[in-house]
Amino acid sequence: MSWLGSFLRYQFPAVAWGAVIFAASSVPSTKIPSLLLESYDKLIHGGIFFILGILVYRAIRPLGASSTEPLHFNVGRMIVSVGIVILYGATDEVHQAWVPGRSVDILDLTADAVGGLLAALVLYILARWRGRTASA
């Protein structure tokens, strides 16, 4: 697989989802239905960052992995991907400080982190279920 093909398959989905998160975070609060924010804000944060966690883990392919070999679960990749998700969540909160009507919220960041951690847990459970866990 070419470099471009590999990028489009593995890294681009994570980059694109990060761009979607950035765009959504750029919407002023007056443009978002208040019922949505009041009722489901933390669940939405967790779900969005759960997806980011899956995509970031998938994007961090082990060095030397061929495109045909299955991608085994790797603890190192999991730690890095959760770290990236949490860091992106933190930068997203800082970004919102400049968006009209939005603010920095530590509980939003917590929900982002929980989403990333849940993604890692689900990936780990799936790998164990399939019997494909590799050592870190």
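What you see below is based on every heavy atom in this structure, not just the backbone, and it leaves out hydrogens, waters and symmetry mates.
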For the hydrophobic clusters of this structure (ILVMFWY residues joined by side-chain heavy atoms under 4.5 Å, transitively), does one cluster hold both L4 and F12? yes
Identify each donor-acceptor pair in which a side-chain atom of residues 47-54 lies under 3.5 Å from a protein atom, sequence neighbours left out, and give them as a table.
none

Determine whether Q96 and V104 make a side-chain contact, defined as any pair of heavy atoms from C-beta on separated by less than 4.5 Å. no
So how far is it from R9 CZ to R58 CZ, rounded to the nearest 0.5 Å? 6.5 Å
State yes or no: do I79 and F73 share one hydrophobic cluster built from I, L, V, M, F, W and Y residues joined by side-chain heavy-atom distances below 4.5 Å, directly or via other members? yes
Does L126 share a hydrophobic cluster with Y57, counting links as ILVMFWY side-chain heavy atoms below 4.5 Å and allowing steps through other members? yes
Minimum-distance pair of heavy atoms, taken over all atoms of P13 and F7: CD-O, 4.4 Å
Does some side-chain heavy atom of D105 sit less than 4.5 Å from a side-chain heavy atom of E93? yes
Heavy atoms, side chains only, cut-off 4.5 Å: are W17 and V20 in contact? yes
Within the distance-only criterion (no hydrogens, no angle test), does the side chain of R128 pair as donor or acceptor with the backbone N or O of L123 below 3.5 angstrom? no
Linking I/L/V/M/F/W/Y whenever any side-chain heavy atoms sit under 4.5 Å apart, do V122 and Y124 land together? yes
Tell me whether D92 is salt-bridged to R102, with the criterion being a basic N under 4.0 Å from an acidic carboxylate O. no
Do D108 and D41 come within less than 4.5 Å of each other through their side chains, counting heavy atoms only? yes
Which pairs, with at least one residue in residues 95-118 and sequence neighbours excluded, count as a ring pair (Phe, Tyr, Trp, His ring centres under 6.0 Å)? F22-H95
Can you give me the closest heavy-atom contact between S6 and Q11, atom names plus distance? O-OE1, 3.5 Å
Do L117 and V85 come close enough that some side-chain heavy atom pair is under 4.5 Å? no
How many angstroms lie between CG in L87 and CD1 in I84, if you round to the nearest 0.5 Å? 8.0 Å
CG (N74) and OG (S81) are apart, to the nearest 0.5 Å, by 9.5 Å
Looking at every heavy atom in both Y88 and G18, which two are closest together, and how far apart are they? OH-O, 2.6 Å
Find the distance between OG1 (T91) and CD1 (I86) and round it off to the nearest 0.5 Å. 12.0 Å
Verify the cluster assignment for I21 and V99: are they in a single hydrophobic cluster under the rule of side-chain heavy atoms below 4.5 Å apart? no
